[in-house]
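Working notes, beginning with the structure itself.
Residue numbers run from 1 in the order of the sequence given. Side chains included, hydrogens not; waters and symmetry mates left out as well; all remaining heavy atoms used.
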Amino acid sequence: METTTTAPCITFHRQELGAAAAAAAAPAPAPAWADMDTDCLAHVFRRLDLEDLAASAPLVCRGWRRAASDPSLWRALDLRRDHLARFTPWSPLAAAFASRYGVSRRFSLPGLLRLCLARAQGSALDLALPPLLSSPADDLLHLSVHCPRLRRLALPPLPACDEARLPELVPRWPMLEHLELDAKPSAATFPALAEQLGRHCPNFATLKTSGAVKPEDAAALARWLPRLRSLCLDRSYMPRQELLAILAGCRDLKELSARGCVGFDDGDEEVARRGARIERFDVAGSRMVDEDEELAGDEFCDSSYVDVM
């Protein structure tokens, strides 16, 4: 007589099906951050502050280090934000580098700048520096070598000797479109700088600076940068004739701001007539003579200029 084992087999199969159903119903475990795709991590890292991106994320694991080294994260570098607090010996950024990278000496801006540019791998497009350069000449040379694709550059006031080197560095930034200088270079340097920008940067369109605008400066703008689209000379010393020379020469201007200047009156009819063709023309608060200075009228009519702004 044959015996059957149907019942036990059915029971066994039911148990298997039950286990499979329970497994299917259970939520799938969340993927580990370390296993995330590098592009996804890089997208998340774009929301990190510079401190976390430079000194924290790379030390979590190899995947995070690889994502934090993505050059796209380092294309726009504004080092001006909270720069005084960042580079004190007791700042979180300095402490992080001291403990995680073994930096024994005082952390400095040039060190961070070189780290950022190394990770950008030549792809940096936008760079703004604070006035903490220890060796401006060396730092500017480093920039010119490692930022060939630079489009926007903002620089702090520079010593005269380093300022004089700017014209020779401009040809290394052929894609430059925007230049911001906290202090306008002297008349010995500015015309040469304008010439180099006009010769070597075909897409250059925006200049922002402040200082004493002399006849040779205005002539250089009109000659070498006639296609300038935006010019900001707020809080400059700019006599009326220099402003009129700029308006006559830079015919493509869409925006000109000369707020709070000394050397012309904001109600000057000729200035207003010449500026009427410009879409955004703003000379509010400008005046012929600085009201805070006790200057005689004759003193302001000679050819002397004081570079104090």
Side-chain angles (χ1 to χ4, degrees), residues 136-137 140 143-144 150-264 268 270-271 274-275 277-278 280-283 286 302-309:
L140 290 174
L143 286 179
S144 68
L150 205 60
R151 295 183 181 178
R152 297 174 60 89
L153 176 63
L155 293 176
L158 300 172
C161 58
D162 297 316
E163 172 188 282
R165 298 195 61 187
L166 281 176
E168 68 184 60
L169 299 179
V170 166
R172 303 188 183 191
W173 299 312
M175 300 174 67
L176 194 66
E177 300 174 3
H178 173 102
L179 179 61
E180 184 175 335
L181 302 169
D182 280 359
K184 189 192 78 64
S186 68
T189 298
F190 187 80
L193 176 62
E195 178 179 355
Q196 294 302 307
L197 289 168
R199 288 183 180 276
H200 299 282
C201 305
N203 297 322
F204 188 75
T206 305
L207 176 64
K208 181 178 181 180
T209 190
S210 179
V213 180
K214 301 184 179 181
E216 50 267 46
D217 299 325
L221 284 173
R223 178 181 180 184
W224 295 109
L225 298 173
R227 297 186 301 275
L228 203 62
R229 308 285 285 181
S230 176
L231 177 62
C232 180
L233 295 169
D234 290 348
R235 299 178 302 280
S236 292
Y237 171 57
M238 182 164 51
R240 178 178 184 270
Q241 60 268 26
E242 271 63 86
L243 175 58
L244 293 177
I246 293 171
L247 289 172
C250 300
R251 300 295 300 176
D252 289 349
L253 280 173
K254 298 297 181 183
E255 179 180 12
L256 189 148
S257 180
R259 296 172 60 88
C261 291
V262 175
F264 68 94
D268 188 294
E270 179 68 10
V271 169
R274 297 280 190 92
R277 62 179 173 80
I278 299 175
R280 291 184 292 275
F281 182 69
D282 190 354
V283 295
S286 294
D302 60 17
S303 59
S304 62
Y305 289 75
V306 182
D307 291 291
V308 295
M309 294 186 177

*Just by distance, do the side chain of S286 and the backbone of A258 share a donor-acceptor pair under 3.5 Å?*
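Between the backbone of A258 and the side chain of S286 there is a qualifying donor-acceptor contact (under 3.5 Å).
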_Test your reading of the model: is there a side-chain donor-acceptor pair from S236 to the backbone of G211, 3.5 Å cut-off?_
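Yes; judged by distance alone, with no hydrogens or angles, the pair exists.
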Look up atom [atom1] in [X] and atom [atom2] in [Y], then write down how far apart they are to the nearest 0.5 Å.
{"X": "I278", "Y": "R251", "atom1": "CD1", "atom2": "CZ", "value": "8.5 Å"}
{"X": "L181", "Y": "T189", "atom1": "CG", "atom2": "OG1", "value": "11.0 Å"}
{"X": "C250", "Y": "R223", "atom1": "SG", "atom2": "CZ", "value": "13.5 Å"}
{"X": "F190", "Y": "E163", "atom1": "CZ", "atom2": "CD", "value": "10.5 Å"}
{"X": "L179", "Y": "K208", "atom1": "CG", "atom2": "NZ", "value": "12.0 Å"}
{"X": "D252", "Y": "L225", "atom1": "CG", "atom2": "CG", "value": "11.5 Å"}

*asked:* Can you tell me if R227 has over 12 outside heavy atoms packed within less than 6.0 Å of its CZ?
replied: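 Open: at most 12 neighbouring heavy atoms sit under 6.0 Å from CZ of R227.
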Residue pair [X] / [Y], side-chain heavy-atom distance below 4.5 Å:
{"X": "W173", "Y": "L143", "value": "yes"}
{"X": "D217", "Y": "E242", "value": "no"}
{"X": "D268", "Y": "L243", "value": "no"}

*Hey, which of R165, E168, R172 is the one that makes side-chain hydrogen bond (donor to acceptor under 3.5 Å, both in side chains) with S144?*
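Exactly one option meets the side-chain hydrogen bond (donor to acceptor under 3.5 Å, both in side chains) with S144, and it is R172.
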Nearest non-hydrogen partners of [X] and [Y], listed with the distance:
{"X": "P185", "Y": "L193", "result": "CG-CD2, 4.1 Å"}
{"X": "A220", "Y": "P191", "result": "CB-CA, 3.6 Å"}
{"X": "P239", "Y": "V213", "result": "CD-O, 3.7 Å"}
{"X": "R259", "Y": "D282", "result": "NH1-OD2, 2.7 Å"}
{"X": "P202", "Y": "P174", "result": "CD-O, 3.6 Å"}
{"X": "R274", "Y": "A248", "result": "NH1-CB, 4.2 Å"}

*Pick out which of L256, V283, I246 makes a side-chain contact (heavy atoms from CB on, under 4.5 Å) with L233.*
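Passing option: I246.
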_Stepwise side-chain contact (heavy atoms from CB on, under 4.5 Å) check, T206 with E177_ = CA-CA 6 Å; T206 305; E177 300 174 3; over 6 Å; no
*Would D234 and S257 count as a side-chain contact (heavy atoms from CB on, under 4.5 Å) if you check the C-alpha gap in whole Å, the side-chain angles of each, and the deciding distance to 0.1 Å?*
CA-CA 6 Å; D234 290 348; S257 180; 2.7 Å; yes
